[in-house]
Amino acid sequence: MKVRTRFAPSPTGFLHIGGARTTLYSWLFARRHDGQFVLRIEDTDEVRSTDRSVTAILDSIKWLGLDWDEGPIDEKSDKGPYAPYYQMKRVDIYRKHLQQLVAAGKAYKCYCTKEELDEMRFLAQLEKRPPRYEGRCRRLTDSQRAAFEAAGKKFSYRFMMPTEGATIVDDRIRGKVSFENSLQQDLVIWKTTDGPTYNFCCVIDDHLMEITHVIRGDEHLSNTPSQIQMYEALGWTPPIFAHLSMILGPDGSKLSKRHGATSVLEFRDQGYLPRTMRNYLALLGWSTPESQQLFTDEDLIAKFDLAGCQKSPATFDTVKLQWMNGEYIRQTPVDELVTLAEPFLEKAGLKGLPGPDFKKTVALEREKFKLLSEIPSLVEFFYKPVVFTPKAMNKVLEVPGAKQVLLDLAEALKDFAPFEDKALEARIRKFCEEKVLKVGQVFHPLRAAVTGRTEGPTLFLMLEIMGRDMVVSRLKDAAAKLG
Ligand code: GLU
């Protein structure tokens with residue numbers, strides 16, 4: 001059996017953490033088994049689906065570093081042997097299958113209006129019954145039906161669920177889950193406004209696209225018995241299902257906006273690396289027996305399996321995510337890091353300014369940041385005019401003798417060569433001896449004068465990277481500022 005998985009987003013918003021995890025697991029499973037990974041756009045909700053969401057979803061998946069073998073190329077076109085991959089381009093296919101179900105007596109017309117359905121739901125709530133459709137139009141007599149038709153009443157189509165027995169979902173993660181058929185409702189498969197619905201299209205597409213494993217969020221587990229019955233009604237074998245556990249925020253409630261960023265592009269904009277996201281999301285509901293934490297992509301592909309997926313909810317942990325990002329930042333070659341940091345440097349207005357090569361300044365600060373977005377504020381003093389913090393000014397520079405130290409240092413360094421880490425350290429320590437000053441009386445004003453801050457990177461290497469001209473002119477400028 002050739003493994004084929006799919007991710008089938010409804011383009012009604014951004015790609016969230018849950019969807020990103022579903023994409024990753026489906027992708028990993030396909031890659032692990034040398035199969036294919038398909039992307040399908042489920043845009044049957046014409047009111048809420050937008051091109052903008054399609055673009056955001058595709059951009060998110062690409063940013064995560066995942067690819068798909070078949071599916072959309074952009075928000076208009078698609079490619080692959082089972083095209084089209086946009087459901088609204090497949091309506092004729094669905095219509096044909098609807099007719100098949102109607103002919104077989106497995107789907108029926110429902111004339112209930114929205115108001116009537118609302119009222120039924122309201123009554124069910126009052127009477128503490130589950131708010132499901134009780135099958136009023138399933139039981140219409142021929143003459144009632146004829147009367148509705150004669151009156152030109154609008155109708156939808158509903159799938160006729162069996163009313164007895166149970167449907168077993170043999171889920172790869174949850175095991176066998178049994179659903180009483182009598183408790184399921186007859187789902188609308190074709191809307192009054194003339195269009196197919198998710199549950200119907202999903203079954204037809206997964207079958208026609210030869211999907212072998214449907215890996216998706218557990219909010220769809222409750223749809224699965226109806227979908228399985230539709231497969232049977234159409235004479236098809238259902239695929240294998242695997243429903244992923246829910247993702248919770250740190251407070252134990254379902255992960256949502258109020259827990260912070262939830263969309264993939266927000267994580268990108270906060271400065272997480274795609275490889276961090278892949279590794280972190282892989283562990284959000286899956287683990288190896290050894291509880292391995294850091295994985296290369298090859299490692300993930302080699303080890304990912306559905307047996308390691310947990311039934312219980314996974315908790316989203318930003319502290320762990322940041323830790324992992326810090327780990328990956330330190331593993332990333334500095335050239336690559338600078339490329340990744342470019343959008344952040346650009347946004348902070350640092351790109352194109354004269355100053356040291358970013359490779360040097362970013363490497364110097366690399367131990368300190370966990371997010372790419374932290375880089376600009378750590379390196380900006382190399383590129384922008386010095387801004388003195390109140391602490392640097394009041395506690396370090398405006399103390400008696402500091403101004404003289406700056407002027408003397410400027411003099412001592414103006415022709416000093418080689419302007420390098422070790423040589424600078426030796427020279428400045430000697431300077432302290434010559435002037436009979438404690439190192440703190442020299443190092444502190446020096447740092448404050450050239451950076452405007454009281455903390456920062458290791459002093460002498462920083463001076464080397466700044467270069468002599470910048471150091472000497474900043475020493476003089478700071479002295480001048482002290483009046
Ligand atoms: N379009 C559905 C969603 O976005 C996908 C459900 C499925 O994977 O079957 O939730």
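Just so you know, ligand 1 is whichever comes first in the structure, and atom 1 is the first atom listed for that ligand. Only a predicted model underlies this, so the values are computations on that prediction, with no experimental measurement involved.
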Centroid separation under 6.0 Å, is that true for the rings of F7 and Y25?
no
Hey, does the side chain of R138 reach the backbone of M160 with a donor-acceptor pair shorter than 3.5 angstrom?
no
I'd like to know if the side chain of S49 reaches the main chain of E46, judged simply by a donor and an acceptor atom lying under 3.5 Å from each other, with no hydrogens or angles considered.
no
Without swapping roles, check the side chain of K360 against the backbone of M462 for a donor-acceptor pair under 3.5 Å.
no
Give me the residue, atom name and distance of the protein heavy atom closest to atom 5 (C) of ligand 1.
A8 O, 3.1 Å
With a cutoff of 4.0 Å, is R6 in contact with ligand 1, counting heavy atoms of the residue only?
yes
Minimum non-hydrogen distance to atom 1 (N) of ligand 1, winning option of Q227, R216, E42:
E42
Would you check if there is a donor-acceptor pair between the side chains of N223 and Y198 at a distance under 3.5 Å?
no
Could you tell me whether a side-chain N or O of R275 sits under 3.5 Å from a main-chain N or O of Y328, the two making a donor and an acceptor?
no
Protein heavy atom at shortest distance from atom 10 (O) of ligand 1:
H220 NE2, 2.8 Å
Note: E219, heavy atoms under 4.0 Å from ligand 1, region reported as neither
Below 4.0 angstrom from a heavy atom of C202, which ligand 1 atoms are there? Numbered from 1 as shown, please.
9 (O)
With heavy atoms only and a cut-off of under 4.0 Å, state how Y198 meets ligand 1: side chain, backbone, both or neither.
side chain
